[in-house]
Amino acid sequence: MFAAIRSNDINLPLFLHILGSMLVTGTLLTVVGAMILGWRRAGDNTGLTRLSFKTVLWGLFPAYLLMRLSAQWLESEEGLAEAPNTPVWLIIGYVVADFGALLVLVALVLSAVGLRKLRAGNVGSAQRIGRAVGLISVLLLVAYLIAMWAMSAKPA
Amino acid sequence: MCTCDLVGSQHGRRRLRTPGIVKRRRRLLYAVLVDLYDWLLFLHIFSAFIVVSAVTALWALVLATRPGAPVLPPEDAKRFGRFAVPMVGVGMVGLLIFGIWLAIDVDAYDLWDGWILASLILWLLSGWSGARSGQAFEASGTSRRTEGIRLQTVNTVAILAVLVLMIWKPGA
């Protein structure tokens with residue numbers, strides 16, 4: 001059904017958009033997983049905190065860029081910008097992606113600072129920053145879940 | 001009061017509700033009550049997201065346990081693996097169940113369509129290589145690690161191929 005109403009021109013941007021979104025949620029899941037395991041672990045959890053920071057710095061940002069840029073490409077291929085009424089699912093997607101960008105940016109800065117603190121041996125401070133990055137990741141995961149529902153079920 | 005109706009609320013308080021708000025609420029209700037096909041599609045895609053997210057987390061684990069410069073100590077690596085591996089299994093089962101349900105529900109598709117059969121074969125390959133990869137990583141040692149990475153690569157390529165088939169739907 002979906003294939004029947006979809007032009008072949010949008011397949012590549014759609015593939016890149018879905019892949020980017022999956023990589024975004026994958027990197028967020030890694031951060032959240034490391035945070036949960038770190039909380040449950042008694043003693044030193046420097047390794048898990050470092051894994052969170054490195055995942056945000058090397059994984060989350062490129063994945064976000066892939067997801068967001070391909071979304072723009074997809075929108076122009078489908079001509080959604082010229083549509084008289086912007087669909088609800090598209091609005092939800094934009095709101096989540098663009099407000100999410102702010103949170104991604106905050107997580108990036110915090111991770112860079114946290115990694116520097118870890119290298120300087122300031123473990124306590126780095127772990128507090130790690131918890132903040134973990135909470136931001138939980139928020140982003142919930143928001144992306146809502147966006148995923150809106151994008152796939154396309155309500156209204 | 002011309003364009004508004006008064007609506008009683010709990011605790012004896014009364015507040016104004018404009019037709020615009022009623023319209024927006026009705027729109028929201030329609031939004032939640034999407035039909036079965038939309039829910040099946042969401043659950044199918046959600047399962048795919050779980051699989052790819054967990055596989056991404058497992059690749060992060062592979063990178064974090066490089067013998068030259070490990071980020072995670074072995075104990076934490078095993079705990080992280082135990083967190084991510086079951087998610088791959090849950091996602092794979094969801095992917096299969098909702099995928100087959102969708103193929104039955106949608107008149108335009110049949111289970112024996114070429115792209116669906118190819119996806120099922122790739123799903124089997126991905127499941128087999130993922131399970132073998134997990135076993136290889138569990139049994140530590142450099143030679144088994146290389147085997148684990150090779151099998152995880154097969155697993156990832158198979159999943160990406162399924163994604164390609166789901167989007168391009170060749171022959172549909």
Side-chain angles (χ1 to χ4, degrees), chain A residues 1-6 8 10-19 21-34 36-38 40-41 43-55 58-60 63 87-89 92 118 141 144-145 148-156, chain B residues 26-35 37-46 48-61 63-65 70-77 79-84 87 102 105-109 115 159-160 163-164 166-172:
Chain A
M1 188 190 297
F2 195 43
I5 57 166
R6 204 172 72 196
N8 277 336
I10 68 159
N11 284 343
L12 182 60
L14 181 64
F15 172 73
L16 294 175
H17 179 59
I18 293 177
L19 183 65
S21 313
M22 285 172 161
L23 292 174
V24 166
T25 53
T27 50
L28 291 172
L29 185 74
T30 308
V31 176
V32 172
I36 293 169
L37 293 175
R40 290 172 60 185
R41 189 191 205 283
D44 179 33
N45 58 11
T46 318
L48 290 164
T49 310
R50 186 173 283 122
L51 175 65
S52 295
F53 293 152
K54 288 196 166 184
T55 305
W58 302 115
L60 182 58
V88 174
W89 56 269
I92 294 173
L118 268 183
L141 260 184
Y144 286 132
L145 181 67
M148 192 198 308
W149 175 77
M151 295 271 142
S152 55
K154 292 191 170 50
Chain B
R26 198 172 294 158
R27 226 176 144 191
L28 192 69
L29 189 68
Y30 286 143
V32 176
L33 298 174
V34 291
D35 65 18
Y37 167 78
D38 296 320
W39 277 112
L40 286 178
L41 186 63
F42 164 69
L43 291 169
H44 183 57
I45 293 174
F46 180 59
F49 265 77
I50 294 176
V51 172
V52 178
S53 299
V55 169
T56 307
L58 288 171
W59 275 114
L61 181 61
L63 292 173
T65 51
V71 173
L72 284 181
E75 188 194 324
D76 282 343
R79 289 171 66 227
F80 191 86
R82 278 186 222 122
F83 160 81
M87 296 184 82
L102 264 174
D105 186 63
V106 179
D107 293 338
Y109 307 147
W115 63 279
I159 290 168
L160 285 178
L163 184 61
V164 167
M166 290 291 135
I167 289 173
W168 269 269
K169 294 181 175 62

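Values below: every heavy atom of this structure, side chains too, minus hydrogens, waters and symmetry copies. Chain letters run A, B, ... following the sequence lines, proteins first and then strands; every chain starts at 1.
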As an exercise, state the distance from CZ of Arg79(B) to CD1 of Ile36(A), rounded to the nearest 0.5 Å. 11.0 Å
Looking at chain B, which one of Val24(A), Leu28(A), Leu37(A) has the largest number of heavy-atom pairs inside 4.5 Å, strictly under? Leu37(A)
Closest approach of Pro73(B) to Gly47(A) (non-hydrogen atoms, all atoms of both residues): CD-CA, 4.5 Å
How long is the straight-line distance from CG of Leu23(A) back to CH2 of Trp59(B), given to the nearest 0.5 Å? 13.0 Å
In terms of relative ring orientation, are Trp39(B) and Trp149(A) parallel, tilted or perpendicular, with 30° and 60° separating the classes? tilted
Which atoms of Ala84(B) come close to chain A, meaning under 4.5 Å heavy atom to heavy atom: side chain ones, backbone ones, both, or neither? neither
Please round to the nearest 0.5 Å and tell me the distance separating atom OG of Ser152(A) and atom CG of Leu41(B). 5.5 Å
Please classify the contact between Leu12(A) and chain B as side chain, backbone, both or neither, with a heavy-atom cut-off of under 4.5 Å. both
According to side-chain contact (heavy atoms from CB on, under 4.5 Å), who are the partners of Ser21(A), at least two apart in sequence or on a separate chain? His17(A), Met67(A), Phe49(B)
Can you name the closest pair of heavy atoms from Leu14(A) and Ile167(B) and give their distance? CD2-CG2, 4.0 Å
Say you draw a straight line from CG of Leu29(A) to CE of Met87(B); how long is it, rounded to the nearest 0.5 Å? 4.5 Å
Pair count under 4.5 Å, heavy atoms only, with chain A: among Leu72(B), Leu43(B), Leu40(B), Leu160(B), highest is Leu72(B)
On a heavy-atom basis, the closest approach of Phe80(B) and Leu51(A) is CE1-CD2, 4.1 Å
From Asn11(A) atom CG to Met166(B) atom CE, the distance as rounded to the nearest 0.5 Å: 13.0 Å
Taking the side chain as C-beta and beyond, is there a heavy-atom pair between Val51(B) and Met22(A) under 4.5 Å? no
As a quick check of understanding, evaluate side-chain contact (heavy atoms from CB on, under 4.5 Å) for Leu145(A) and Phe46(B), giving each step before the final call. CA-CA 8 Å; Leu145(A) 181 67; Phe46(B) 180 59; 3.1 Å; yes
Sorted by chain and number, sequence neighbours left out, salt bridge (charged side-chain N to carboxylate O under 4.0 Å, His left out) with Arg50(A) holds for none
How far apart are the closest heavy atoms of Thr30(A) and Ala60(B), and which atoms are they? CG2-CB, 3.7 Å
